[in-house]
S.K.: 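Got a structure for you, written out below as structure tokens; questions coming shortly.
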Amino acid sequence: MSWIDPTRQKFILLALVAIHALAFASFYPEIITVSDEMSYLQQTRLLAEGTNEEVVLDPFTGKYVHTGRQTVYPLGTALFALPFLKAGGWQFVFAMPFLAMLMAIWGMVYWLEEEERAPLFAAILLGYPHTVVFSRICMSEMPSLLIVTFGLLFFWRGLDRNRLVYWSAAGLLAGLSILVREGNALLFAPFFLGALLRRDSKWWVLLVAGTAGIGARLLAHELFLDDALYMKSPMAFGLEYVAANVGFYTMALTLLVPGGLVLGLLYRGRRRPELIAAIATFFAFHLFYSFSGQQSGLLKSLVIGPRFFIVLLPLLAFAMAESAPRLWAAAKATWPDYSSRLDLLGKRVVWAWLGAVAIGGFAIHAGHSTWASGQAEIRDAIYEHTPVGSLVVNDLRTSGKFFNAVYGDRTSLSRHWIDLKKAEILIRRNGSLFIVQLDRTESPFWQEVARENTAYVASYHPPPATRIGSNLRFERTATDLGSNPRAVSG
């Protein structure tokens, strides 16, 4: 991008950021759209209350009981979100990931400029569609992106000056990164190991500061979770998942990040072995990870699975800023007769990509908002047809995210746990029991879940038949002179 001077590049980047900020403000998130997001928001709310558990009414006994630890994720994301919750309530929490993304882009610009590379490569972070989506969702992606970007920036700064200061900051952020997500450490480990093997002066600073960061996680988990070593149970890892993931993830990192994986591995700048090892290790790690989101259908799996690589974008952008101009210059030197045509082609490709980042980003904000509006309609229908304090049986996989204390007082009960005998007990004690069936049909997995839920509802006598909308079934069950529970329209 040498044909665009650095000042103009930053102006273009600023324009892209402004477009995204306008879109975010115009289509501000207003509902929890992901089950994991519900868990993070609950964790933030409990953190604000100084506890890690809820006190709820046991519907079987009528007594208040402690639920035990409700937190399932590392504490870091909740710590990021906590100031926003305190400042503006639960809806203001959605601003946290977007602001974290903006700060990461700012850090990326500084990192590129200090290595005398084109700052416009920071737009790679905005150009990845998943960054835009998850800048609207209060989960760990954007806090991870922010910490990794500045951690790597400080590591690179420490190569040239004030090593004690900058490597202390880099080590501390590397350790703290696992307070947000454990896998973040994979992006720092090759560089820290390289410093040790190269016998860089003050390499020990990285070790000491990194240990301090890890210690902060242990202390935070001990204080809030009562378990310093707490870790969310991981999903399965295994060789059998590689075949399903390799093509999917390779496509994401070569098409959605144009040539990103290839250009990243062709990097020839400083700390080349460490940088390539970090990219390769992080990519390979997720090939063996069972969760790719493919059970949610093609469209959602394109969002859910490749989101793990958002945190890899700073390394890819940094590597691409070195390899892409070098390889382009080599191509022009190889075919000098076509040099002017290659220049023209390059300019058109860059401008087309920047246009896609601007238009596509705005469209993603608008599209996510439209989809979220449909989720809000489902939430509103549930709360409209169930009274305050009611018991609601549902499949937590499809509708659990709609039950949150910030929406209202409802007790969500898993239909996998509530059989007919338990339902009758609950109805006798509480007078009514509501059933919500939300059908999803975007994949064979969810179609099978819908059939299971339909069979569950049909086990009540007589079987319910009332629907609200095309995929939401609502019922209220009640006792009839001591008979078995019968389903009646709500």
Side-chain angles (χ1 to χ4, degrees), residues 32 35-36 38-39 42 46 52-72 233 295 378-405 407-441 444-490:
I32 301 167
S35 296
D36 288 347
M38 185 267 288
S39 297
Q42 180 189 40
L46 292 176
N52 62 14
E53 63 179 1
E54 305 266 22
V55 178
V56 299
L57 185 67
D58 185 341
F60 287 98
T61 65
K63 298 179 180 180
Y64 284 94
V65 297
H66 291 266
T67 60
R69 183 171 58 208
Q70 292 292 291
T71 296
V72 296
S233 299
Q295 69 179 20
I378 295 173
R379 176 201 61 189
D380 294 344
I382 293 172
Y383 281 79
E384 178 184 348
H385 289 84
T386 56
V388 174
S390 59
L391 308 179
V392 184
V393 179
N394 67 102
D395 191 318
L396 301 183
R397 295 170 296 180
T398 60
S399 50
K401 65 183 178 182
F402 297 108
F403 296 93
N404 192 294
Y407 293 151
D409 179 19
R410 306 291 188 278
T411 299
S412 174
L413 302 172
S414 172
R415 65 100 172 151
H416 293 91
W417 180 55
I418 302 298
D419 56 24
L420 289 179
K421 290 184 179 180
K422 290 178 179 176
E424 185 168 7
I425 294 172
L426 291 174
I427 292 170
R428 288 182 182 277
R429 173 172 289 277
N430 299 279
S432 65
L433 179 68
F434 293 78
I435 302 174
V436 169
Q437 177 185 344
L438 177 63
D439 293 339
R440 294 175 57 176
T441 58
F445 172 82
W446 289 116
Q447 291 167 13
E448 178 59 29
V449 169
R451 286 190 288 269
E452 293 173 0
N453 288 335
T454 298
Y456 174 80
V457 173
S459 67
Y460 287 78
H461 303 287
T466 301
R467 285 184 179 272
I468 299 175
S470 60
N471 66 343
L472 180 65
R473 182 195 299 270
F474 167 83
E475 301 298 333
R476 178 172 61 85
T477 63
T479 54
D480 182 16
L481 299 177
S483 66
N484 287 332
R486 68 182 181 87
V488 297
S489 172

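Given the structure is predicted, the values throughout are model-derived calculations rather than measurements.
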S.K.: By ring pair (Phe, Tyr, Trp, His ring centres under 6.0 Å), which residues pair with F403, not counting sequence neighbours?
M.R.: none
S.K.: Run the side chain to side chain contact (heavy atoms under 4.5 Å, CB included) test against D409 and tell me which residues pass, sequence neighbours left out.
M.R.: V388
S.K.: Atom CZ of R429 and atom OG1 of T61: how far apart are they, to the nearest 0.5 Å?
M.R.: 6.5 Å
S.K.: Whether the side chain of N430 engages the backbone of L391 through a donor-acceptor N/O pair (distance < 3.5 Å, no angle test) should be reported.
M.R.: no
S.K.: List in chain and number order the residues that pass salt bridge (Lys or Arg N to Asp or Glu O under 4.0 Å) with R451, two or more places apart in sequence or in another chain; answer none if no residue qualifies.
M.R.: E448
S.K.: Look at the side chain of Y383 and the backbone N and O of F402, then say whether any donor-acceptor pair between them is shorter than 3.5 Å.
M.R.: yes
S.K.: Could you list all the salt bridge (Lys or Arg N to Asp or Glu O under 4.0 Å) pairs where at least one residue sits in residues 380-400, not counting sequence neighbours?
M.R.: D395-R397, D395-R415, R397-E452
S.K.: CD1 of I378 to CG of L438: how many Å apart, nearest 0.5 Å?
M.R.: 5.0 Å
S.K.: Output, in order, the C-alpha distance, side-chain angles, deciding distance and verdict of side-chain contact (heavy atoms from CB on, under 4.5 Å) for L433 and V393.
M.R.: CA-CA 7 Å; L433 179 68; V393 179; 3.6 Å; yes
S.K.: Tell me, please, which residues at least two apart from N404 pass side-chain hydrogen bond (donor to acceptor under 3.5 Å, both in side chains).
M.R.: none
S.K.: Between Y407 and K401, what is the shortest heavy-atom contact and its length?
M.R.: CE1-O, 4.1 Å
S.K.: State, to 0.1 Å, how close Y456 and I418 come at their nearest heavy-atom pair, and which atoms those are.
M.R.: OH-O, 2.6 Å
S.K.: Tell me, do V55 and V65 make a side-chain contact under 4.5 Å, heavy atoms counted?
M.R.: no
S.K.: Nearest 0.5 angstrom please: L396 CG to W417 CH2, how far?
M.R.: 11.0 Å
S.K.: Specify the closest pair of heavy atoms between Q42 and E54, including all atoms of both residues, with the distance to one decimal.
M.R.: NE2-OE2, 3.3 Å
S.K.: Is there a side-chain contact (heavy atoms from CB on, under 4.5 Å) between E424 and L420 once you walk through the steps?
M.R.: CA-CA 6 Å; E424 185 168 7; L420 289 179; over 6 Å; no
S.K.: Where do R440 and T398 come nearest, in terms of heavy atoms and distance?
M.R.: CD-CG2, 4.2 Å
S.K.: Under the criterion side-chain contact (heavy atoms from CB on, under 4.5 Å), I'd like the reasoning laid out for N394 against I382: C-alpha separation, chi angles, the key distance, then a yes or no.
M.R.: CA-CA 11 Å; N394 67 102; I382 293 172; over 6 Å; no
S.K.: Report the residues that fulfil side-chain hydrogen bond (donor to acceptor under 3.5 Å, both in side chains) with E53, sequence neighbours left out, ordered by chain and then residue number.
M.R.: H66
S.K.: Would K422 and F60 count as a side-chain contact (heavy atoms from CB on, under 4.5 Å) if you check the C-alpha gap in whole Å, the side-chain angles of each, and the deciding distance to 0.1 Å?
M.R.: CA-CA 9 Å; K422 290 178 179 176; F60 287 98; 4.0 Å; yes
